[in-house]
Amino acid sequence: MIVLDKTNKVFTLHTQNTTYQMKADQYNVLLHTYYGPRISGGDLSYLIQYADRGASPNPSEAGHRRDYSLDTLPQEYSTCGVGDFRLPSIEFEPEDGSCLADLRYVDYELRKGKYSLEGLPAFWGGSEWETLVLRMEDISTQMQVELYYGVLDRYDLITRAVRVTNLGTERVRLRRCASLCLDFQDNGDYDFITFDGCHALERNLNRAPLRPGVQSVESVRGTSSHHHNPFVILCDHSAGEDHGLCYGAALVYSGNFLAAVERTQLEHNRLLLGINPYHFCWTLAPGESFTSPEAALVCSPSGFGQMSRQFHRAIRDNLIHDPLRGRRRPVLINNWEATEFTFSAEKLVDIAASAAPLGIELFVMDDGWFGKRDDDCGGLGDWYVNEEKLPGGLEALVPRIRALGMQFGIWIEPEMISEDSDLYRAHPDWALGAPGRPRTRGRSQLTLDFSRKEVRDRVYADIRKVLDSAEISYVKWDMNRSLTDVWSAALPASRQGEVFHRYILGVYELLDQMRRDYPHILIEGCTGGGGRFDAGMLYYTPQIWCSDNTDAVDRLRIQYGTSFCYPISTMGAHASAVPNGQTGRSVSMETRGVVAMTGTFGYEMDLNETSQEEKEVIKRQVAFFKEHYDLIQNGDYYRLTDPFQNGPFTAWEQVSPDRREALVSLVTGTVHASAPFHTLRLKGLDPALTYQVNGGDTYPGDVLMNAGWPLPIILDDYQPMQLYLSAVQ
Ligand code: DGJ
């Protein structure tokens with residue numbers, strides 16, 4: 001609910017459990033007055049205190065009033081060069097070369113429903129949303145800044161985006177445009193939580209108290225990256241899964257980003273989230289606008305668990321833009337780890353044939369099926385079937401897979417080009433790269449200039465021929481390198497600072513086109529594993545390959561970190577062969593299955609090389625997953641332990657929305673002799689209901705949540721256990 005106090009220019013956004021407020025003061029400076037647990041409202045500007053602070057200057061209207069400074073007041077969208085020395089939200093440069101922004105509130109607009117952002121992914125939805133637009137203008141240049149707020153009451157979600165319009169008569173260069181600025185002036189002694197890692201070990205949770213100055217994570221790789229995720233949390237020192245105040249902020253964007261927190265001289269905190277200003281410069285001719293990506297906020301007064309569940313619900317229901325909304329995702333088998341580039345049609349059919357009787361529903365043919373692609377040095381860009389490997393093309397192969405009762409899926413990497421490809425020989429200038437400089441290879445490949453429409457059109461035309469040639473139900477859209485040599489032959493020197501962002505807009509445009517042209521195709525995102533696991537990609541691709549690391553033990557951490565923002569139903573997770581290719585570790589098929597089914601679930605191995613005993617295990621896992629699909633994929637998710645603590649086990653739980661069913665999953669850590677007994681307290685159950693556990697005895701919900709469930713002593717490392725609970729009354 002949005003409440004306006006027009007007289008005092010106070011704007012209050014209420015969600016079910018939170019309240020957010022701003023106020024335009026006597027100088028029309030837009031102040032941030034509150035964000036936190038839901039309160040009744042009123043004008044919260046009484047919280048703001050004024051004092052003369054040395055070295056903090058005063059705007060001209062304040063005259064000699066030295067207690068009024070933009071440097072010390074909580075700003076809704078921070079400015080630059082005119083007195084606020086903290087992190088700026090915006091920087092622009094008119095033709096006189098100045099870099100000054102002094103934004104003042106002008107007016108507002110209230111709309112039913114949710115705003116949308118042209119060319120960019122954004123949360124969507126109907127009448128349950130409300131939109132507030134606050135218009136500001138620079139006092140001198142006629143640069144207009146519109147702050148967009150979307151309010152989704154039931155999920156405690158507040159979205160923000162910014163539109164900058166040049167209303168003047170000369171060109172302006174926009175050098176920075178954050179999506180979100182959030183000032184906390186309550187001296188909160190917060191922790192900053194980020195999700196960091198590297199290829200094959202993405203999204204490790206890191207938590208540290210804020211210290212004076214700026215702390216940040218960012219990407220300048222052209223992707224949101226394996227290394228830092230565009231989702232961060234600010235929270236009380238004492239906040240945990242079920243208690244404490246926390247703020248989650250996710251950027252709905254897949255390119256370079258910056259997430260920074262500044263702890264100031266007065267121990268206030270400012271969070272900034274948006275496109276990374278590194279090599280960003282967007283020229284706005286008179287009348288032109290620039291729209292920032294969207295940022296999404298959830299505040300939880302009761303810990304991380306509630307924050308995550310709100311993000312999960314909102315992402316599932318209001319972000320993923322699957323044309324076949326709510327479609328049931330198939331259990332899949334992918335040939336990559338089994339064959340890499342070396343396969344024949346017979347081999348693929350063999351793998352599919354071994355999977356079909358186990359209940360696996362989709363066969364995915366990964367990298368290596370096209371052009372001259374026998375290793376990762378060639379072929380990218382040549383999107384036609386390699387008939388030496390697949391005689392008769394997909395027209396011959398796909399019916400054989402479908403005859404097994406399986407759907408067929410295919411791998412593509414549209415953004416890339418190999419120097420050893422027909423496409424590169426015809427269009428070497430289509431790869432990103434500055435004139436006169438050698439290009440930097442990544443995984444032996446170059447990147448196509450996706451900021452150029454003719455490049456995207458050509459690639460898509462070729463891919464369409466493939467998609468039209470057979471009955472294809474799934475596409476894995478991969479992307480296997482960071483961007484370098486970011487220079488486009490299609491833009492003048494003065495606009496090269498637009499290429500990083502235009503590249504991502506190009507990726508979004510093509511994904512959107514494919515989604516519309518082939519609504520029946522399920523698109524899975526992938527970037528060398530989880531290098532672009534972000535809310536932007538999730539708009540187009542309902543699931544994303546979580547990591548190239550399929551080791552079940554490492555996956556406990558990767559999926560744990562990922563779950564703080566992103567739902568289980570978005571995490572591509574496969575059980576693979578042992579010893580694992582990334583870690584050399586061997587764990588049981590039972591363990592691999594339990595971990596992978598806390599994701600979109602599939603297998604990535606040659607089941608012909610699997611024992612009959614393991615096949616029986618797989619058959620049971622697939623049947624179990626299908627039987628409890630809704631609970632596993634769409635249930636409320638509870639983290640019961642933290643795998644980074646190296647405790648005796650890692651446990652998690654899904655609870656159905658009506659709380660009549662729950663599934664508890666657990667994997668032990670490394671065991672030691674004379675192990676103590678442990679009791680696992682469950683969460684999210686209905687205290688008044690009685691639950692039957694694994695078809696056996698019954699226990700009241702309040703008992704299972706408070707007294708808990710006694711765990712047996714398990715004598716082996718990394719062993720799984722599952723408890724299925726169903727209400728009996
Ligand atoms: C990286 C992906 O993450 C893998 O799953 C696989 O598709 C390879 N690329 C293929 O090159």
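Just follow the structure's listing: the first ligand is 1, and inside any ligand the first atom is 1.
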Passes side-chain hydrogen bond (donor to acceptor under 3.5 Å, both in side chains), E616 versus Q612? Steps please.
-> CA-CA 6 Å; E616 290 306 321; Q612 192 50 41; 3.2 Å; yes

Show me, pair by pair, the donor-acceptor contacts under 3.5 angstrom made by side chains of residues 620-627, not counting sequence neighbours?
| residue | atom | partner | partner atom | Å |
| --- | --- | --- | --- | --- |
| Q621 | OE1 | Y603 | OH | 2.6 |
| Q621 | NE2 | M589 | O | 2.9 |
| K626 | NZ | G359 | O | 2.6 |

Which protein N or O atoms sit under 3.5 Å from any N or O of ligand 1? Give atom names and distances.
| residue | atom | partner | partner atom | Å |
| --- | --- | --- | --- | --- |
| ligand 1 | 3 (O) | G529 | N | 2.8 |
| ligand 1 | 3 (O) | D548 | OD1 | 2.3 |
| ligand 1 | 3 (O) | D548 | OD2 | 3.3 |
| ligand 1 | 5 (O) | K476 | NZ | 2.7 |
| ligand 1 | 5 (O) | W545 | NE1 | 3.4 |
| ligand 1 | 7 (O) | D366 | OD1 | 2.6 |
| ligand 1 | 7 (O) | D366 | OD2 | 3.3 |
| ligand 1 | 7 (O) | W411 | NE1 | 3.1 |
| ligand 1 | 7 (O) | K476 | NZ | 2.9 |
| ligand 1 | 7 (O) | D478 | OD2 | 3.3 |
| ligand 1 | 9 (N) | D478 | OD2 | 2.7 |
| ligand 1 | 9 (N) | N480 | OD1 | 3.4 |
| ligand 1 | 9 (N) | N480 | ND2 | 3.4 |
| ligand 1 | 11 (O) | D367 | OD2 | 2.6 |
| ligand 1 | 11 (O) | R443 | NH1 | 2.8 |
| ligand 1 | 11 (O) | R443 | NH2 | 3.0 |

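- A parallel orientation is assigned to the rings of W411 and F370, their planes being inclined by less than 30° (bins at 30° and 60°).
- Relative orientation of the Y253 and H501 rings is tilted, given thresholds of 30° and 60° on the angle between their planes.
- The 12-atom threshold is not exceeded at CD of E471, counting heavy atoms of other residues, nucleotides or ligands nearer than 6.0 Å.
- A tilted orientation is assigned to the rings of F564 and F195, their planes being inclined by 30° to 60°.
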